[in-house]
Number of protein chains: 2
Amino acid sequence: MSINKSLLTGSTTMLILKLLEETDMYGYEMIEELSKKSQNIFKLKAGTLYPLLHGLEHKDMLTSYEKSTGNQRIRKYYSITKTGRKYLNEKTKEWKVYTVAINNVLGGVDFAPVQ
Amino acid sequence: MSINKSLLTGSTTMLILKLLEETDMYGYEMIEELSKKSQNIFKLKAGTLYPLLHGLEHKDMLTSYEKSTGNQRIRKYYSITKTGRKYLNEKTKEWKVYTVAINNVLGGVDFAPVQ
DNA sequence: GTATAATATATCGATAATCTATATATGTCA
DNA sequence: TGACATATATAGATTATCGATATATTATAC
């Protein structure tokens with residue numbers, strides 16, 4: 001994840017699900033979207049993403065389908081499921097609780113809630 | 001770490017150094033302080049903390065000394081070094097960048113900076 | 001007085017998240 | 001045609017944290 005992998009762990013799943021909450025996407029697209037939306041802070045590696053997507057599909061958080069680009073190339077699109085949305089919701093709540101707790105320890109002010 | 005260990009990783013070091021920036025502490029005290037300051041969100045395990053403290057001492061982020069409580073019991077106090085303070089400063093900055101990036105992806109508003 | 005719980009430090013092995021490296025193939029542009 | 005971007009995939013290594021376990025002291029309840 002570039003910035004410093006050791007600050008995250010676990011948030012990657014939340015971010016991926018969040019992207020898919022808006023629209024279906026293929027893996028490579030997620031890497032780019034995540035980089036763009038985070039102003040180049042998150043540079044997710046393919047070696048992290050693909051096994052993660054397979055795992056999420058296995059856990060019924062996602063479903064996938066293949067789609068041709070018009071020529072030879074076939075992209076694998078992922079779609080979030082109801083289970084995935086529920087999980088995303090839980091993770092987002094956890095994230096808020098977690099950041100408030102960290103900021104309390106750091107002695108900073110609390111911040112406006114996400115959404 | 002209770003809340004969900006997979007949301008952290010790496011932030012534990014920052015939190016410990018932050019505690020020690022204010023005053024010298026012994027391990028068990030850090031577990032309690034962290035729990036208290038985070039409103040019981042962080043429940044750091046002894047099995048996480050002690051190896052972490054040893055590692056930080058090895059990296060010259062901390063120094064330690066033993067202190068008697070007046071009776072048999074001897075507590076091992078840790079003190080942050082200049083290197084440790086520098087590292088804490090970097091980690092705190094990273095944490096701010098990271099949370100802003102996550103919140104950008106989540107579509108929430110940015111929050112007031114820590115400190 | 002004695003059992004139990006809290007205090008205090010420590011190590012070991014397991015688990016999980018992410019990385020690097022590697023592989024394979026297609027598309028585009030100089 | 002060669003290089004680079006696009007696209008997916010797996011294997012093995014690293015690292016953070018945990019649960020379990022061990023040991024010893026102190027405080028409290030029965």
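Every chain is numbered from 1 and lettered A, B, ... according to where its sequence line falls, protein lines coming before strand lines.
Between A:Ile80 and A:Met61 there is no side-chain heavy-atom pair separated by less than 4.5 Å. Counting heavy atoms from C-beta outward, B:Phe42 and A:Ile102 have side chains that approach closer than 4.5 Å.
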Any protein N or O atoms within reach of nucleotides 25-28 of chain C? Criterion: under 3.5 Å, listing atom names and distances.
unit_1, atom_1, unit_2, atom_2, d
C:dT26, O2, A:Arg73, NH2, 2.5
C:dG27, OP1, A:Asn71, OD1, 3.0
C:dG27, OP1, A:Gln72, N, 3.0
C:dG27, OP1, A:Arg73, N, 3.3

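Remark: B:Lys45 is not in phosphate contact with D:dA16, judged by side-chain N or O atoms under 4.0 Å from OP1 or OP2. OP1 or OP2 of C:dT18 lies within a sub-4.0 Å distance of a side-chain N or O belonging to A:Thr12.
With B:Ser64 as the partner, the side-chain hydrogen bond (donor to acceptor under 3.5 Å, both in side chains) test is satisfied by one option alone out of B:His54, B:Glu57, B:Lys76: B:Glu57.
In this structure, CG of B:Leu53 is placed 14 Å from C1' of C:dT11, rounded to the nearest angstrom. Per the geometry, CG belonging to A:Leu49 stands 13 Å off P belonging to D:dA7, to the nearest Å. Taking atom CG on B:Leu52 and atom C1' on C:dA8, their separation rounds to 17 Å, with Å as the unit. Atoms CZ (B:Arg75) and P (D:dA24) sit 19 Å apart, rounded to a whole Å. Taking atom CD on B:Glu32 and atom P on C:dA8, their separation rounds to 7 Å, with Å as the unit. As rounded to whole Å, 14 Å separates atom C1' of C:dA17 from atom CG of A:Leu15. Rounded to whole Å, the distance from CD on B:Glu33 to P on C:dT7 is 13 Å. Rounded to an integer number of Å, the gap from A:Tyr26 OH to D:dA9 P is 14 Å.
Using a 4.0 Å cut-off between charged nitrogen and carboxylate oxygen, B:Glu94 and B:Lys91 count as a salt-bridge pair.
Side-chain proximity of B:Tyr50 to the nucleotides D:dA9, C:dA10, D:dT6 is greatest for C:dA10.
For the residue pair B:Asp60 / B:Thr83, no side-chain donor-acceptor distance below 3.5 Å is found, with atom types taken as modelled. Judged by distance alone, the side chains of A:Ser11 and B:Tyr98 do bring a donor and an acceptor atom under 3.5 Å apart.
The line from CG of B:Asn104 to CD1 of A:Ile41 is 9.0 Å long, rounded to the nearest 0.5 Å.
The stretch residues 54-66 of chain A touches DNA chain D through A:His54, each having a heavy atom within less than 4.0 Å of the strand.
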Can you give each donor-acceptor pair under 3.5 Å made by side-chain atoms of residues 19-27 of chain A, sequence neighbours left out, with the distance rounded to 0.1 Å?
unit_1, atom_1, unit_2, atom_2, d
A:Glu21, OE1, A:Lys18, NZ, 3.0
A:Glu22, OE1, A:Lys37, NZ, 2.9
A:Glu22, OE2, A:Lys37, NZ, 3.4
A:Asp24, OD1, A:Ser79, OG, 3.2
A:Asp24, OD2, A:Tyr65, OH, 2.6
A:Tyr26, OH, A:Arg75, NH2, 3.4

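Checked by atom type and distance alone, the side chain of B:Thr13 never pairs as donor or acceptor with a backbone atom of B:Ile16 at under 3.5 Å.
Contacts of A:Gly27 with the nucleic acid, taken as non-hydrogen atoms under 4.0 Å apart, involve only primed sugar atoms and P, OP1 or OP2.
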